[in-house]
Structure formats: C-alpha cells, structure tokens
Amino acid sequence: MQIVNTVEEVRRQVKAWRKEGLSVGLVPTMGYLHEGHKSLIDAAVRDNDRVVVSVFVNPTQFAPNEDLESYPRDLERDAALCEAAGASLIFHPEPSEMYHEGYSTFVDMRTLTQVLCGKTRPIHFSGVCTVVSKLFHIVTPDRAYFGQKDAQQLAVIRHMVEDLNFDIEIVGCPIIREEDGLAKSSRNTYLKEEERKQAVILSQALKEGQELIRQGERNAETVKKAIREKIETMPLANIDYVEIVNFKTFENITELQGEFLTAVAVYIGKTRLIDNFIMTL
Ligand code: AMP
C-alpha cells in the first residue's frame, strides 16, 4: 500500500490503474480511523479492484470556534488499518496541497444544508461539498463510500453528485456502534470517563423513539418529545437538536410517513455527538 501526499502522485497512480482496466473506489475520511471507517473500506474493497482512502482533516469544514486543531490524528495507525483492510493507496495531503494560496472556489448547496447540522455549523457543508468535489476530481473513482452515521452529509453528497453530473456511484453504509450502542466516532476520544458513560443516551433515546413508532405512534412531535426527555435524563447532556425530517427534502414533517430521518446532535460536556435512524413507513 502506498501513502502519497500530492495530487500529482494520485493522478499518476489512478491513470496507471485505468490503463490496466481496473475499477477504483474512494473512501474519504478525516483519519483517526475506527471500525466505522473500516466498514466503508471493506465495502469498497469488495466492490472495486483498487481502493483509495483519503485522510485529510479538511480545514474549510471547521468554523473558527471548532476543533480543527485538536482533532485527533495518527497516520501510522490509520495506515496499518487501511493496509490490513486491503486498501491500495492513502492520499494524505497537506492543507496547502488542497488549498493553494489565493484559493477561492467553493461548492454551495442551497437546499438540505441550512437545517440540522447546517444550522449549528453554517459553513460546514460548503467545506464538505468543496473538499469532496476536489477529491472526486483528483481520484475520479467509480464509486465513493459514505457512512449513514453522517446521514445529512450522505444526502448532501448524493444531491451534489446529481446536480453536478459526477459520474460516480455513491454507496451509503450502515452505522457501526460500540457494544453499548454509542455510534463510533473519532470524536469519542474527547470523552472523559463519566461523559463516555452518559454518551450512550443518544442511541438509547433514538431506540426508544423507534420503538414508539413501531408501536404505532405517528405524531412527529410526540416522538421528538420522548427522545428529548430521555436525553435530558443525563446531567452532562445538552441538546443541540432533535429533528424528524423527510429524508429527500429535509423538510420537517408532522405526520410520520414515507422515508424520514430522525436525527439528534447532543453536547456531552464539550463534545458534540450525532446519531440518527432512517425509517420508511
Ligand atoms: P470522518 O472521518 O468522521 O469524516 O468520517 C469519514 C466517513 O466515515 C464518513 O462517510 C462517515 O459517515 C463514516 N463514518 C464515521 N463513523 C462511522 C460509523 N460509526 N459507522 C459508519 N460510518 C461511519
């Protein structure tokens, strides 16, 4: 497995693979890889002849008050995980390789990005769409893999690919969880012992909401209220949002029907965690 830092090196390698008629999968990540990322790499290795994993903590998707500097990084460990999973190449650029001096082009989506995480993090999805577009142009993959853990991101990327005519299949992968239900995340490493214990409330509250719906509840407000109240039982939990939206339009729904996304963002101490489930009725 190769580790390369420049756009040129990626292009050269992908061109060589293309000459041999090989298919290419891309797994975009910010590194500090865990089982969630590994499930994406596994899927990509199954579907493609060669797999590129990008490891890049993208500065344009962080606001100045967010955790760009403290975001965990460990390329050596990431490389071992990628190699064991069967990836062919890690693209690990410096920020200056992706954003040269005077860089000024951004991809802004006008729908989907103003709600949920976009409300709290107004520049986030512009940074995500921009970096993912750049990675798509650099790697030119046949398929790219994204986790349902970031359900809004997955929907935004699918929409962008349709809008901008990227000839790339977007593959969504299920959420991988810790044994107690906490969705795996690189940011879980921020949690102190007591915070880690209380963080389980996100998945527990969502499970309770899901159960209410299974029992026949169809009023979105009632389900959101139950989820909110469950989360609020944890003293260290501070709710950012609990929302239920149509999974196509991301508009709020009052009556549960069709395909909808139930998503939460919760601060546990200073760490902002997200989780969700998608259901079709
Ligand atoms: P990140 O490194 O956090 O930007 O995540 C890179 C990719 O891995 C994104 O598509 C995420 O949705 C996905 N991912 C992160 N955590 C998980 C998880 N627990 N289960 C499934 N996919 C995940």
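The chain is numbered in sequence order, starting from 1. Counting starts at 1 for both ligands and their atoms, in listed order. Because only heavy atoms are used, hydrogens play no part in the values below, and waters and symmetry mates are left out as well, while side chains stay in.
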Test log, rule side-chain hydrogen bond (donor to acceptor under 3.5 Å, both in side chains), inputs Tyr145 and Asp42: CA-CA 10 Å; Tyr145 296 77; Asp42 288 342; over 6 Å; no

Show me, by chain and number, every protein residue that has a heavy-atom distance under 4.0 Å to ligand 1. Pro28, Thr29, Met30, His34, Gly36, His37, Leu40, Tyr71, Phe146, Gly147, Lys149, Asp150, Gln153, Pro174, Ile175, Ile176, Lys184

For atom CD of Glu255, is the number of surrounding heavy atoms from other residues, nucleotides or ligands below 6.0 Å larger than 12? yes

Look at the aromatic rings of Tyr99 and Tyr103 and report parallel, tilted or perpendicular, splitting at 30° and 60°. perpendicular

Out of curiosity, Ile138 CD1 to Ser54 OG, how far, rounded to the nearest 0.5 Å? 9.0 Å

Compute the centroid of each ring, for Phe136 and then for Phe166, and state whether the two points are separated by less than 6.0 Å. yes

Could you check whether Arg73 makes a cation-pi contact with Tyr32, meaning its NZ or CZ is under 6.0 Å from the centre of the six-membered ring and within 45° of the ring axis? no

